[in-house]
Amino acid sequence: MSGTDPEPRGSFLDALKRRTVSSDLQPPVPAALRQATAYAWRLLVIAAALAVVVFLVIQLKLLVIPLLVAILVTALVWPGFSFLIRHRWPKWLAIVVTVLGTIAVISGLVWLAVWQITREFGSVRQRTVDAVSQFRDYLISGPLHLSAQQIDDGLRQAGTFLQQQAEVLWTGALAIGTTIGHVGTGVLLTLFILLCLLADGGGIWRWTTRLFPRVARPAVDGAGRAGWRTVKSYARTQLLVATIDAIGIGLGAFLLGVPLSIPIGVLVFLGAFIPFVGAVATGALAVFIALVYNGPLIALFMLIVVLAVQQIESHVLQPILMGSAVKVHPLAVVLVVAGGAMIGGIAGALFAVPLAAFVNVVAVYLSSKAWQHEGEALASRDLIWQTVPRERGRRS
């Protein structure tokens with residue numbers, strides 16, 4: 001037996017590992033890259049799921065659009081409906097009054113617009129002819145110094161272009177019957193869904209929550225109710241904005257002598273439900289009509305009226321009437337409306353903001369586990385869409 005103890009087996013293996021030459025051909029993956037790829041494939045899965053949802057919505061648009069319209073109309077009429085219910089009206093009578101009142105308001109706006117268009121059609125047509133003649137004279141005698149032959153050639157080319165598009169136009173005309181059928185079906189379906197939501201919206205929501213596992217129902221119920229409060233707050237705000245814009249701009253057009261002041265007001269009212277974009281588009285239309293029919297000076301005054309109404313509505317009346325109940329970041333609105341318009345056209349632009357606000361509030365509610373702390377409001381600092389209204393002494 002020697003004077004030294006043999007080296008333990010574990011020490012021999014450790015030494016062998018230390019002597020092993022590592023290959024530089026396969027370096028270890030950095031931790032940051034592993035985290036980035038983990039996030040990346042999860043984001044790809046989410047994007048794929050969203051793409052499937054968007055595809056299904058587009059395929060089922062004849063069902064989805066009436067449903068969304070009915071939900072938005074329900075949010076609009078909910079204050080009046082709940083007022084009648086609180087004052088002990090029978091539910092069936094409150095539903096009848098609410099629905100018939102809504103139909104009467106919409107029909108009245110349409111009738112006023114059609115009435116003024118038919119009444120002023122002759123004068124508007126004559127002013128159109130005069131404006132075109134003046135514009136032609138300006139092109140000839142103005143700084144462009146175009147000749148009559150050049151103008152006629154341009155008009156001829158425009159006519160040729162329209163003739164080339166005749167086949168497309170005829171195809172669209174042949175499809176009008178189908179489109180009218182779809183619109184009629186959508187209106188009836190919207191009305192039916194509206195009646196169901198007013199009559200038994202709570203029961204429908206309770207049935208919906210039972211589709212989820214029992215452990216998830218409190219979270220789903222709380223998130224859905226927070227989202228519904230957001231949609232109601234959004235609808236109330238947009239109704240206020242639309243009314244103020246329509247009255248202000250329509251009255252300004254009437255006082256300035258701009259023709260079609262009532263149709264302009266109706267278009268402003270409808271366009272205001274597409275935040276920022278609708279107000280800008282309809283205001284620009286009012287200015288353009290004033291420019292064509294009344295000249296540059298009246299058009300300048302019309303532009304001043306449009307800007308003044310929008311500024312007063314945004315910075316004076318809305319904060320006074322609504323307080324801090326609704327504060328939506330303009331950048332978020334513009335981006336969401338643009339994205340919605342790219343995906344779904346006018347319908348996408350109309351529903352983009354309330355859907356985005358609903359999704360944002362639901363996501364924050366779920367991530368903060370707010371249903372576990374009853375009575376605690378969502379932290380407004382976490383919301384791009386600060387659209388959860390303050391409680392006003394009652395719950396709906």
Side-chain angles (χ1 to χ4, degrees), residues 26-72 75 182 186 189-190 193 204-205 207-231 234 274-277 328-372 378-379 381-388:
Q26 295 181 348
V29 179
L33 183 58
R34 288 198 303 269
Q35 294 178 357
T37 53
Y39 278 107
W41 73 259
R42 288 176 172 85
L43 290 176
L44 288 176
V45 172
I46 294 174
L50 291 177
V52 172
V53 171
V54 171
F55 174 78
L56 292 177
V57 168
I58 293 175
Q59 296 301 314
L60 300 175
K61 59 184 178 181
L62 297 180
L63 296 177
V64 174
I65 291 178
L67 175 62
L68 295 179
V69 170
I71 293 175
L72 188 57
H182 289 166
L189 186 58
T190 300
I193 296 174
I204 295 173
W205 175 243
W207 177 85
T208 303
T209 56
R210 285 196 293 269
L211 297 177
F212 294 86
R214 185 179 298 275
V215 68
R217 290 175 188 173
V220 172
D221 181 68
R225 293 180 184 276
W228 172 242
R229 290 195 297 271
T230 296
V231 174
Y234 164 82
I274 302 177
F276 293 105
V277 178
V328 183
H329 198 285
L331 177 61
V333 172
V334 172
L335 293 179
V336 169
V337 170
M342 294 172 60
I343 296 175
I346 296 177
L350 175 63
F351 299 118
V353 174
L355 279 176
F358 179 87
V359 171
N360 181 77
V361 170
V362 167
V364 173
Y365 184 95
L366 295 176
S367 63
S368 62
K369 298 182 178 180
W371 70 93
Q372 296 180 356
L378 297 180
R381 63 180 180 273
D382 296 330
L383 297 175
I384 295 177
W385 313 83
Q386 297 181 27
T387 49
V388 177

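When a residue number appears, it is its place in the shown sequence, counting from 1.
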With sequence neighbours excluded, residues passing side chain to side chain contact (heavy atoms under 4.5 Å, CB included) with Val359:
none

Taking every heavy atom of Ala223 against every heavy atom of Leu366, the minimum-distance pair comes out as CB-CD2, 3.9 Å

If I compare all heavy atoms of Ala75 with all of Val231, which pair ends up nearest, and what's the gap?
CB-CG1, 3.9 Å

Measure across Leu62 and Leu189 and return the closest heavy-atom pair with its distance rounded to 0.1 Å.
O-CD2, 4.0 Å

Do you know which two heavy atoms are closest between Thr230 and Phe358, and how far apart they sit?
CG2-N, 4.5 Å

Of all heavy-atom pairs between Ser368 and Tyr365, which one has the smallest distance, and what is that distance?
OG-O, 3.2 Å

Separation between OG1 of Thr190 and CG of Leu72, rounded to the nearest 0.5 Å
11.0 Å

Quick check: closest heavy atoms across Arg217 and Arg210, and the distance to 0.1 Å?
NH2-O, 3.3 Å

To the nearest 0.5 Å, how far apart are CD1 in Ile204 and OG1 in Thr209?
12.0 Å

Rounded to the nearest 0.5 Å, how far apart are NZ of Lys61 and CG of Leu56?
14.0 Å

To the closest 0.5 Å, what do you measure between CD1 (Ile46) and CH2 (Trp41)?
9.5 Å

Are the side chains of Trp228 and Val361 in contact, using a 4.5 Å heavy-atom criterion?
no

Gap separating the CD1 atom of Ile58 from the CD1 atom of Ile65, nearest 0.5 angstrom
10.0 Å

